[in-house]
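Have a look at the structure below, then the notes.
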Number of protein chains: 2
Amino acid sequence: MSDLSDDPTAPGGTRRRKAATIRDVAQAAGVSTATVSKFINGGQRFTREVEDRLTTVIRELGYVSNPLARGMITGQTGNVGIVILDILNPHFTSLVKGASRVARQAGLNLLFTDAAEGEMPELAMLQALSRRVDGLVVSARLSDASLDWLVQAGPPAVYYGGRTSHPGCFSVGSDNSEAALMLGRHLRDLGHRRIAYVGFSGARWSADRHAGLLRAFEGSGVELRLHDVQAPVPEEGERIASSVLLCSEPPDAVVAYNDLLALGLMSQAQVLGLNVPGDVSVAGFDNIIYSRYTSPALTTVDMGSEAVGAIAMQRLVERIRGEAAGGGHETLIAHVLPRGSTRRRGERA
Amino acid sequence: MSDLSDDPTAPGGTRRRKAATIRDVAQAAGVSTATVSKFINGGQRFTREVEDRLTTVIRELGYVSNPLARGMITGQTGNVGIVILDILNPHFTSLVKGASRVARQAGLNLLFTDAAEGEMPELAMLQALSRRVDGLVVSARLSDASLDWLVQAGPPAVYYGGRTSHPGCFSVGSDNSEAALMLGRHLRDLGHRRIAYVGFSGARWSADRHAGLLRAFEGSGVELRLHDVQAPVPEEGERIASSVLLCSEPPDAVVAYNDLLALGLMSQAQVLGLNVPGDVSVAGFDNIIYSRYTSPALTTVDMGSEAVGAIAMQRLVERIRGEAAGGGHETLIAHVLPRGSTRRRGERA
DNA sequence: TTGTAGGCGTTATCAG
DNA sequence: CTGATAACGCCTACAA
């Protein structure tokens, strides 16, 4: 195996060639390192001659300033971190997409952490991460100990997904209770009387969504039953489907904690011989892309996942730059998207 | 708004308290910084007294070593980068999941870059990224200029998705042509005679998959038509559906470049009044999670997305540690997953 | 406009 | 076992 390395004894292939430093550039251009530094960082004018020489030399040497060394002086890493619960959940995927775009536009690199992979204690993970970033976008669904530490000793942070109990925090998210209220009213207006909510108690938002449904059905005589799964994934929806749907007085509508669960529920309902929405309506939350491509298409609530990610990162960038206006919670409006999986009771296709 | 900051004039909320340095620890414990450093990094024994004092002081001060400063001297950042094409595509999401898990286990942070967000030139993005990481997992679908630079001047890299033309490179991926060959044989064996391939010429793999289909149908009298879309997304599948399916001699099977396209195609086929698989079979690639939850469930080819991500990162970690055995390409076996969207011609439900 | 020099926090070397 | 000290590459007063 041949390569272009300086060091042919490099193990396992090409060893990285030692990169040019600011001193190499200074020497080659016949100026001081300070001049090079100012040239790189802009904001000063130079002799035509110096400018030309520097431009040439820098290109020839392929010089790129070392972010670590720079960071030591400026105290800025040029990185921001994002901590999410599970990248396989399209809701978080969209969140990352939005955050990633804004970070990129701000010239910041994104340090990604999937908390679902956590063998490491959450707090230790946050502490390790925090020294490598200028700020953090994190899920509000962290332990109180982690949140306390973050607020007191951590880098600037923006929380997504819910209002935190800490004052002075920045957070952004959709109102889960309100979203569920709207979905509940939609179902009530369609004439449903017996509704099952398949929640995921491992998520804080699940209780909010349940509460919203309760509000929607308050005094309307609608019966709301509560189920719970171990994880917000399609497999769990499939698993719990029979016990939700085949009981003695089966529900005429099922609301799932999220679209993934709803996908599994709907699929298994059809396997069990039920017609959706003829026999039972199904609805979820998050408006993941795939909810459009089931048959029937899944009624869901758009929680603005990508926008939440983008806004959270936008606020973080502002905080890092010292432009932030103060703490507080920003709430996005959720939208119910009625689709084929919910239908008025009494109607037939 | 009140906070616990040292500096009440901090803009936009809490300013990060200046973290304890190794010198603070040394002074408080009455030892030298060198001793503290060795204590932190292990691999040496100490007096019981020193050990106790250091343990105490470090905890009290909450000291965590500064990764930037350490990186300057060790030459290691403790970060690895991953460059993918579009995180919204579940294939890449799984890839990141696998890579993330392995990186975490190796104690490395993951710097994530979504190339689809690229206003910045690809090469510039890579150069900026490369100084911040010890290694890179990147898509082989980069421009030749980028690959050249990466091989010559970049950090250790592992390419996923295809064999690169550069010798001495590490790459890992599934064999697209072989995968398509298997899928093609499956369709041929089911008795299909007129097959449409909806490719995405923007991806290198698409040509490989087309070639695999051609091999499968060689000399069998099966007709293979080629279509092309602008992006590998469901919307494009929907858009092209009518022109693929409603022509004068419509195909009896459609193979899409990936599952996302297939989802859109299948959905729109049903809107157009066609029965899948009765009138036309549909199949895709990647085995994204959602392909199980369409109706009918989508026949697809499992390309081992998450495993590819994990293996790529595993090889990268080995290279970084100098344990790598040499360059080369690692090929994963793809599996055809026959599901409800493909059915033998002549059979009826 | 340009140069000099000090220091950011850590590790590695070498001496005690 | 422990300590003093020189780097690592860069930025930033301050001086010229």
Side-chain angles (χ1 to χ4, degrees), chain A residues 15-55 57-58 61-79 127-128 130-134 155, chain B residues 16-55 57-58 61-79 127-128 130-134 153 155:
Chain A
R15 166 166 293 175
R16 196 192 314 214
R17 190 189 313 236
K18 211 167 59 186
T21 75
I22 200 174
R23 264 188 284 269
D24 299 331
V25 175
Q27 191 171 8
V31 298
S32 77
T33 61
T35 303
V36 180
S37 174
K38 287 164 192 154
F39 180 76
I40 300 277
N41 298 328
Q44 195 175 121
R45 312 209 41 165
F46 300 85
T47 319
R48 177 50 155 263
E49 194 191 8
V50 171
E51 192 171 324
D52 289 346
R53 255 185 310 172
L54 279 177
T55 315
V57 167
I58 287 177
L61 268 51
Y63 171 72
V64 183
S65 132
N66 181 331
L68 271 61
R70 155 179 281 175
M72 289 209 52
I73 303 284
T74 62
Q76 301 266 301
T77 63
N79 300 327
Q127 288 173 335
S130 75
R131 299 296 300 260
R132 305 173 170 276
V133 299
D134 300 331
Chain B
R16 200 196 304 222
R17 190 191 314 237
K18 208 166 63 187
T21 75
I22 201 173
R23 263 188 284 270
D24 299 331
V25 175
Q27 191 170 7
V31 298
S32 78
T33 60
T35 303
V36 181
S37 175
K38 286 165 192 154
F39 180 76
I40 300 275
N41 298 329
Q44 193 173 121
R45 310 207 44 163
F46 300 86
T47 318
R48 178 50 155 262
E49 195 191 8
V50 171
E51 190 171 327
D52 288 347
R53 255 185 311 173
L54 278 178
T55 315
V57 168
I58 287 177
L61 268 51
Y63 171 72
V64 184
S65 127
N66 181 331
L68 270 61
R70 155 178 282 180
M72 286 210 51
I73 180 87
T74 63
Q76 302 266 295
T77 63
N79 300 326
Q127 288 174 335
S130 75
R131 299 298 301 258
R132 305 173 171 274
V133 298
D134 301 332

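Throughout, a chain's letter reflects where its sequence line sits, starting with A, and its residues are numbered from 1.
- We find that CZ of B/Arg132 is positioned 14 Å from C1' of D/dC10, with the value rounded to whole Å.
- Side-chain N/O atoms of A/Thr35 include one lying less than 4.0 angstrom from OP1 or OP2 on C/dG3.
- Nearest heavy-atom pair across B/Glu51 and B/Phe39 is CG-CE1, 3.7 Å.
- When the C1' atom of C/dT1 is taken as reference, atom CG of A/Leu54 falls 12 Å away, rounded to whole Å.
- Note on A/Tyr63: only backbone sugar-phosphate atoms sit closer than 4.0 angstrom, heavy atoms only; bases stay farther off.
- In this structure, A/Leu61 CG and A/Ile22 CD1 are separated by 12.5 Å, a value rounded to the nearest 0.5 Å.
- When distances run from any side-chain atom of A/Met72 to the nucleotides D/dC11, D/dG9, C/dT10, the shortest one goes to D/dG9.
- Between A/Ile73 atom CD1 and D/dA13 atom P the separation is 11 Å, expressed in whole Å.
- Separating the CG atom of A/Asp24 from the P atom of D/dC8 is a distance of 11 Å, rounded to the nearest angstrom.
- The separation between B/Arg23 atom CZ and D/dG3 atom C1' is 14 Å, rounded to whole Å.
- Comparing B/Val31 and A/Pro67 by the nucleotide of DNA chain D that holds the closest heavy atom to each, the one mapping nearer the 5' end is B/Val31.
- Here the side chain of B/Ser37 is nearest to one of D/dG3, C/dT11, D/dC10, namely C/dT11.
- When distances run from any side-chain atom of A/Phe46 to the nucleotides C/dT2, C/dG3, D/dG3, the shortest one goes to C/dT2.
- The nucleotide whose nearest atom lies closest to any side-chain atom of B/Ala34 is, among D/dT5, D/dT12, C/dT10, D/dT5.
- Between D/dC10, D/dC14, C/dA12, one nucleotide has an atom nearer to the side chain of A/Lys38 than all others, and that is D/dC14.
- Closest to the side chain of A/Ser65, from the set D/dT2, D/dC11, C/dT2, is D/dC11.
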Assess the residue pair B/Arg53 and B/Glu49 against the criterion (side-chain contact (heavy atoms from CB on, under 4.5 Å)); give the C-alpha distance rounded to whole Å, side-chain angles, the decisive distance to 0.1 Å, and a yes or no. CA-CA 6 Å; B/Arg53 255 185 311 173; B/Glu49 195 191 8; 4.1 Å; yes
So A/Thr77 and A/Arg132, side-chain contact (heavy atoms from CB on, under 4.5 Å) or not? Walk me through it. CA-CA 6 Å; A/Thr77 63; A/Arg132 305 173 170 276; 5.6 Å; no
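- Between B/Asn41 and the phosphate of C/dT11, there is a side-chain N or O to OP1/OP2 separation shorter than 4.0 Å.
- Taking side-chain N and O atoms only, B/Ser32 has a distance below 4.0 Å to OP1 or OP2 of D/dG3.
- One atom, CD1 of B/Ile58, and another, C1' of C/dT10, lie 14 Å apart when rounded to the nearest Å.
- Remark: the backbone N or O of B/Val64 is paired with a side-chain donor or acceptor of A/Arg131 at under 3.5 angstrom.
- In this structure, the nucleotide among C/dT11, D/dT2, C/dT1 sitting nearest to the side chain of A/Thr47 is C/dT1.
- In this structure, the side chains of B/Thr35 and B/Phe46 come closer than 4.5 Å at one or more pairs of heavy atoms.
- Across C/dT2, D/dC10, C/dT1, the shortest atom-to-atom separation from the side chain of A/Arg45 is found for C/dT1.
- Across the protein-nucleic acid pair, A/Ile22 atom CD1 and C/dG3 atom C1' stand 13 Å apart, rounded to whole Å.
- We find that CD1 of A/Ile40 is positioned 15 Å from C1' of D/dT12, with the value rounded to whole Å.
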